[in-house]
Every structure is written in structure tokens, then in C-alpha cells.
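Heavy atoms only: backbone and side chains are in, while hydrogens, waters and symmetry mates are out. In this chain, numbering begins with 1 at the start of the sequence shown.
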Amino acid sequence: MRIAKSIGVVSSICTMILWIILALLNPYTHERAENDVIISTLFSLLVPACLALLASVIKKPSLMFVAFVWSLPISLYLTMTPSIFKLFGVTSFMYLISGVLTIREIRSRLKGIN
């Protein structure tokens with residue numbers, strides 16, 4: 001369970017750091033993002049990252065899948081940009097991987113009990 005949890009925690013923390021860079025310290029514009037951009041990315045990137053972090057800690061793959069689907073549209077959009085923000089696509093995909101690995105580990109543990 002450690003690998004799935006580690007992937008989930010690391011990817012959600014990386015998303016939070018990337019969001020701070022995007023919203024507040026954007027190296028491509030040298031100024032803070034507009035309020036509407038901050039609010040929309042907060043709800044489409046930062047909140048799912050917090051949900052993914054919670055899902056990793058409490059080992060709930062269903063919440064991880066919700067975070068993946070929730071962050072996927074904007075992550076795919078940012079993946080097409082020529083910038084560091086392509087990494088949002090990677091972190092979103094890592095939510096999916098973490099959820100799948102968590103399910104596999106839970107199932108293998110249950111088979112070991114039977």
C-alpha cells in the first residue's frame with residue numbers, strides 16, 4: 001500500500017505547488033493571475049489535489065478517481081501548453097495510477113486473507 005499512497009501524496013503535493021506557481025508566481029507573465037483565473041483553477045486543480053491527498057491518506061480509491069475525473073479537463077488543456085504547466089497532466093494521470101494500485105493492493109490483501 002505504500003507505493004500507491006506515495007504516488008497519491010506526491011502527485012497531489014506537486015499539483016498544489018504547480019498551482020501556486022500558476023496562480024501567484026507565474027514565470028511566464030511575471031505577474032499574478034487575474035482573480036477569475038485563480039478561482040477557476042482553484043476549483044479545478046487545487047481542490048481535486050486536496051481530495052487526492054485525503055484519498056491517499058485514508059486509502060479510498062473512489063475519491064482518487066473522483067479527483068482524477070474532476071481535474072482531467074483542465075489538466076489536458078494545460079498539457080497542450082509549452083510550459084512547466086504540462087506537468088498538471090502528469091499529476092492528474094498519477095491520481096489514476098494511485099487509485100488503480102490501491103484497488104489492486106486491497107484485492108491482493110483480501111485474497112491473502114481467504
Worksheet item: Distance from Leu87 atom CG to Leu22 atom CG, nearest 0.5 Å?
Response: 12.0 Å
Worksheet item: Going only through I, L, V, M, F, W and Y residues with side-chain contacts under 4.5 Å, is there a path from Ile74 to Val69?
Response: yes
Item to complete: Measure the CE-CG distance between Met16 and Leu45 for me, rounded to the nearest 0.5 Å.
Response: 11.5 Å
Discussion item. I need the Arg107 CZ to Thr102 OG1 distance, nearest 0.5 Å.
Written reply: 12.0 Å
Item to complete: Could you tell me whether a side-chain N or O of Ser98 sits under 3.5 Å from a main-chain N or O of Ala4, the two making a donor and an acceptor?
Response: yes
Practice prompt. Decide whether Leu25 and Val37 are clustered together by the hydrophobic rule: side chain heavy atoms of Ile, Leu, Val, Met, Phe, Trp, Tyr closer than 4.5 Å, transitively.
Written response: no
Worksheet item: Lys5 and Val57: which non-hydrogen atoms are nearest, and at how many Å?
Response: CE-CA, 4.1 Å
Practice prompt. Measure across Ser56 and Val9 and return the closest heavy-atom pair with its distance rounded to 0.1 Å.
Written response: OG-N, 3.5 Å
Fill in: Nearest-0.5 Å distance, SG of residue Cys50 to CD1 of residue Ile13
10.5 Å
Worksheet item: If you take all heavy atoms of Phe65 and Val100, which pair is closest and at what distance?
Response: CZ-N, 3.7 Å
Worksheet item: If you take all heavy atoms of Pro61 and Gly99, which pair is closest and at what distance?
Response: CB-O, 3.6 Å
Practice prompt. State plainly whether one hydrophobic cluster holds both Ile103 and Ile7, where clusters connect Ile, Leu, Val, Met, Phe, Trp and Tyr through side-chain heavy atoms under 4.5 angstrom apart.
Written response: yes
Response to the item:
CG of Leu46 to OG of Ser12, rounded to nearest 0.5 Å, is 10.0 Å
Discussion item. Whether the side chain of Tyr28 engages the backbone of Ile84 through a donor-acceptor N/O pair (distance < 3.5 Å, no angle test) should be reported.
Written reply: yes
Worksheet entry | Donor-acceptor under 3.5 Å (Ser108 side chain, Glu105 main chain) | yes
Item to complete: Show your reasoning for whether side-chain contact (heavy atoms from CB on, under 4.5 Å) applies to Tyr95 and Leu72.
Response: CA-CA 10 Å; Tyr95 298 161; Leu72 185 62; over 6 Å; no
Fill in: Under 3.5 Å: donor-acceptor pair, side chain of Thr15, backbone of Ser11
yes
Discussion item. Would a single hydrophobic cluster contain both Ile3 and Ile58, if residues Ile, Leu, Val, Met, Phe, Trp and Tyr are joined by side-chain heavy-atom contacts under 4.5 Å?
Written reply: yes
Fill in: Over all atoms of both residues, closest heavy-atom pair of Leu18 and Phe85
O-CE2, 3.9 Å
Worksheet item: Are the side chain of Thr79 and the backbone N or O of Ser75 linked by a donor-acceptor pair below 3.5 Å?
Response: yes
Worksheet entry | Expected output: side-chain Trp19 to main-chain Val47 donor-acceptor under 3.5 Å | no
Worksheet, complete the sentence: Scanning both residues in full, the closest heavy-atom pair of Ile38 with Ala33 reads CD1-O, 3.5 Å
Worksheet entry | Interatomic distance, Lys59 atom NZ to Met64 atom CE [nearest 0.5 angstrom] | 12.5 Å
